[in-house]
Asker: 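Below is one structure. I have some questions about it.
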Protein chains: 2
Amino acid sequence: MSSQPLRSQTVKVKDVARAAGVAVGTVSRVLNGHPTVTPGLRERVEKAMAHLGYEVDVTAQSMRAGRSRLVACAIRDFDIPRFALFIKEAEAVLREAGYTLLLASTTNRPDVEIALLGAFRRRRVDGVMMTLSDEQHRDVREALSEAPMPVLLIDRDSIAALDRVMADHREGARLATSHLIGLGHRRIAMLVGDIKAFPSRSRLDGFREAYSAAGIAPDPKLLRDNVLSSEDAYRATASLMSLANPPTALFVAAMDMLGGCLRALRTMGIAVGDGISVVAGSDSDLAELHTPPITAIAWDLAAMGRHAATMLLERMRGDEIERGRGLTVPTELIIRGSSRPLVN
Amino acid sequence: MSSQPLRSQTVKVKDVARAAGVAVGTVSRVLNGHPTVTPGLRERVEKAMAHLGYEVDVTAQSMRAGRSRLVACAIRDFDIPRFALFIKEAEAVLREAGYTLLLASTTNRPDVEIALLGAFRRRRVDGVMMTLSDEQHRDVREALSEAPMPVLLIDRDSIAALDRVMADHREGARLATSHLIGLGHRRIAMLVGDIKAFPSRSRLDGFREAYSAAGIAPDPKLLRDNVLSSEDAYRATASLMSLANPPTALFVAAMDMLGGCLRALRTMGIAVGDGISVVAGSDSDLAELHTPPITAIAWDLAAMGRHAATMLLERMRGDEIERGRGLTVPTELIIRGSSRPLVN
DNA sequence: TAGAGTCAATGAACCGGTTCATTAATAGCT
DNA sequence: AGCTATTAATGAACCGGTTCATTGACTCTA
């Protein structure tokens, strides 16, 4: 105890071994909690490590082991409030299990998705969770099938060989649409995102299912897809409300697009509830606290994040599990004041 | 071109070298774009790499180089909508420069912050950007000063030796408070987060500055600190409005706490604007689209993210720059309908 | 007491790149 | 032609851990 702990920068297992009077193999075994180490020796090694301020070099461990204890998460845009919750919960579960989360944005482009998968395998990432811009894209599917590490899809379903965590958007959309039809609405406009991806596709399915269950048909002119930004939602709403025969209800099914829609209605002087009924495809403070409060579809993104991380951990552990498990989180409709009976 | 590209899994520089009829050193130099390679050889090596499906092992590169091309971002809670924007922009700048972002949540706890710094250095992370729960915490400061990689503080200012990117919360709060005082308000309640951290501390400074500039003193009973969750905001608002002599204006200065506050006001049947003036410390869809719209302080978090990444890149590049640069992003007050003249 | 069996400890080899001292080839100059 | 200067290419050594065949000490049994 005479000297200061040395600069940990340059302390290696070899130095610890020398200080403790053991072989490097023994230090390594102490480091990894291997059981075949005599308690006395273990203590001596641990003392030496503490005294020298030893810190293991994870890059060296990774290179030797061929794995990195890194899990990558690539989503189309993490500037989506609800997605942050997903990531937060997934990160907590992964860190608890000794993994570190690596984050990247795909900007919803197939070429970026492919490039990122390449970057992840070069980094010897142990697992990936990601969204896909287009589930049918050939090159992306090829890149996925060639990936040496397990990949879990976030809110995507069309690759049966992979694990998937989804929300039941179809049921949510069906509930929302039935609710509006039940209130007498027949001309319901729908704003969705990219139909090539699962969430918008299944929302559209649910929408149509509700219509056919009621024995009526939706007006295709009232459908707006590819609504991916606030500005898109603003424009779509404005154009819909400018139609000669405008909709009586607006189902803003794309995630986080309510703001743009409400902005347009306000600009045009259309009152939510009275002038038009509105249902949001995802819940938010805005939906809850708007006047009137907005009826919305809700699901547990925190649970989705936890499930995603847990499933991926099981897969990385190499547990004997069937290939391609799909887990669907339920959706519910929270009825508020923005959806009202149709008055002639 | 007779055979299929081989499994890249096991192709190493050695294999590429053999196939191209060159030494491993040459392959390495081609890989890294080193200039001293004859064009003909370079092409042969590149052909061999493509044919064999060669992929570098980044963990091996990291171990040899002692750096990882990884930048860590640790913030208290990334389930804060505006923060997602910061991360998104920072990630884009970093990826452009060849770095990958590593994400972790500190849950605003010093022990987690210290543990994460340890994990980052063991991973040979090249740079860190992070928030701090308590800028004066001794152990955290020690861990920071011992960090071998550059660290940039996000919205923190008290460690002059480190690079920092901040928002001008003091000025924002001063503007907001002056605005309310100008409208005749004297009993302004303030909800802030943790005073140990820069944002809340400087907001409080700005608040007091506005009061003293007006030659009056705030009522200390109307200050609520440690408002860190929606529930905290709800309770703080409810308790303030239940006072015998309640405030006439509410300055919800903590980030993203407007929802909890509005929920409490709605529950108590107090009308925003008429019953009480409200100013939000951060802008949002909710603030903009509420009825009435909420006066709010805004700043450019995307720019903060870009600046943070850029400054960190400069530091990692080892540019000759002064130690501890601080960059402050301006704040502005967006006046909307929720802040009204005091009527007696 | 000799021999077999058990098990902790050892340390060289290995993971897959990069680096750099050395070698070889070429160009330039007188 | 002969010598030097310049530059490309080589490949062994190295980065810092982990692994595993081997060693050696000790226990147990006959």
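Letters go in sequence order (proteins before strands), and every chain restarts at 1.
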Asker: Of the nucleotides D:dG11, C:dT18, D:dG16, which one has an atom closest to the side chain of A:Lys12?
Answerer: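 Selected nucleotide (nearest to the side chain): D:dG16.
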Asker: Round to a whole Å and report the spacing from CD of A:Glu55 to C1' of D:dG16.
Answerer: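 Between C1' of D:dG16 and CD of A:Glu55: 14 Å.
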Asker: Taking any heavy-atom pair under 4.0 Å as a contact, classify B:Val58: base, sugar-phosphate, or nothing.
Answerer: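 No contact.
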Asker: When you get a sec, tell me which of D:dT18, C:dT10, D:dA9 is the closest nucleotide to the side chain of A:Ala23?
Answerer: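 Of D:dT18, C:dT10, D:dA9, C:dT10 is nearest to the side chain of A:Ala23.
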Asker: Assign each of B:Gly21 and A:Ala65 to its nearest nucleotide of DNA chain D by heavy atoms, then name whichever residue's nucleotide is nearer the 5' end.
Answerer: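 Taking each residue's closest nucleotide, the earlier one in sequence belongs to B:Gly21.
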Asker: Any Lys/Arg nitrogen of A:Lys196 or A:Glu135 sitting under 4.0 Å from an Asp/Glu carboxylate oxygen of the other?
Answerer: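 No, this pair does not count.
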Asker: Drop me the distance from B:Ile154's CD1 to B:His307's NE2, to the nearest 0.5 angstrom.
Answerer: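 Going from CD1 on B:Ile154 over to NE2 on B:His307, the span is 14.5 Å.
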Asker: So does A:Gln61 get a side-chain nitrogen or oxygen closer than 4.0 Å to the phosphate oxygens (OP1/OP2) of D:dG16?
Answerer: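 So the side chain of A:Gln61 is outside the cut-off, no N or O lying under 4.0 Å from OP1 or OP2 of D:dG16.
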Asker: For the pair made of CE in A:Met63 and C1' in D:dT19, what is the distance, rounded to whole Å?
Answerer: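 Taking CE of A:Met63 and C1' of D:dT19, I get 14 Å after rounding.
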Asker: Would you kindly give the NE2-to-C1' distance between B:His34 and C:dT19, to the nearest whole Å?
Answerer: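 Checked: the NE2 to C1' distance equals 9 Å.
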Asker: Once you round it to whole Å, what is the distance between C1' of D:dG11 and CZ of B:Arg64?
Answerer: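 In whole Å, D:dG11 C1' lies 13 Å from B:Arg64 CZ.
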Asker: Base, sugar-phosphate alone, or nothing: which one does B:Val27 contact when heavy atoms must sit under 4.0 Å apart?
Answerer: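 Nothing, no nucleic acid heavy atom in range.
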Asker: How many whole angstroms separate atom CG of A:Leu52 from atom C1' of D:dG17?
Answerer: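 Going from CG in A:Leu52 over to C1' in D:dG17 covers 16 Å.
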Asker: Measuring from B:Arg123:CZ to A:Gln61:CD, what's the distance to the nearest 0.5 Å?
Answerer: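 Reported to 0.5 Å precision, the distance equals 9.0 Å.
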Asker: To the nearest angstrom, how far is A:Arg18 atom CZ from C:dT10 atom C1'?
Answerer: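 Rounded to whole Å, this separation is 16 Å.
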Asker: Rounded to whole angstrom units, what separation is found between the CZ atom of A:Arg29 and the P atom of C:dA9?
Answerer: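 Whole-Å distance recorded here is 6 Å.
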Asker: About how many Å separate CZ of B:Arg69 and OH of B:Tyr99, when rounded to the nearest 0.5 Å?
Answerer: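 Rounded to the nearest 0.5 Å, the OH-CZ separation comes to 4.5 Å.
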Asker: Using a heavy-atom cut-off of 4.0 Å across all strands, would you classify B:Val37 as base, sugar-phosphate, or nothing?
Answerer: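 Contact class for B:Val37: sugar-phosphate only.
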Asker: Without decimals, in angstroms, what is the distance between A:Arg124 CZ and C:dG17 C1'?
Answerer: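 Going from CZ in A:Arg124 over to C1' in C:dG17 covers 11 Å.
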Asker: Can you tell me which nucleotide in C:dT18, C:dG17, C:dT10 comes closest to the side chain of B:Asp57?
Answerer: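 Side chain of B:Asp57 sits closest to C:dG17.
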Asker: In terms of the nearest nucleotide of DNA chain C, which residue is placed more toward the 5' end: B:Ser28 or A:Thr38?
Answerer: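 That would be A:Thr38.
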Asker: In a check of side chain to side chain contact (heavy atoms under 4.5 Å, CB included) between B:Leu94 and each of B:Leu70, B:Thr310, B:Val71, which one passes?
Answerer: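 The single option meeting the side chain to side chain contact (heavy atoms under 4.5 Å, CB included) with B:Leu94 is B:Val71.
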Asker: Which nucleotide wins on minimum distance to the side chain of A:Asn32, given the candidates D:dG17, D:dT18, C:dA9?
Answerer: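 Of all the options, the side chain of A:Asn32 is nearest to D:dT18.
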Asker: Could you work out which one of D:dT18, C:dG17, D:dT10 sits closest to the side chain of B:Ala60?
Answerer: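 When the side chain of B:Ala60 is considered, C:dG17 is the closest of D:dT18, C:dG17, D:dT10.
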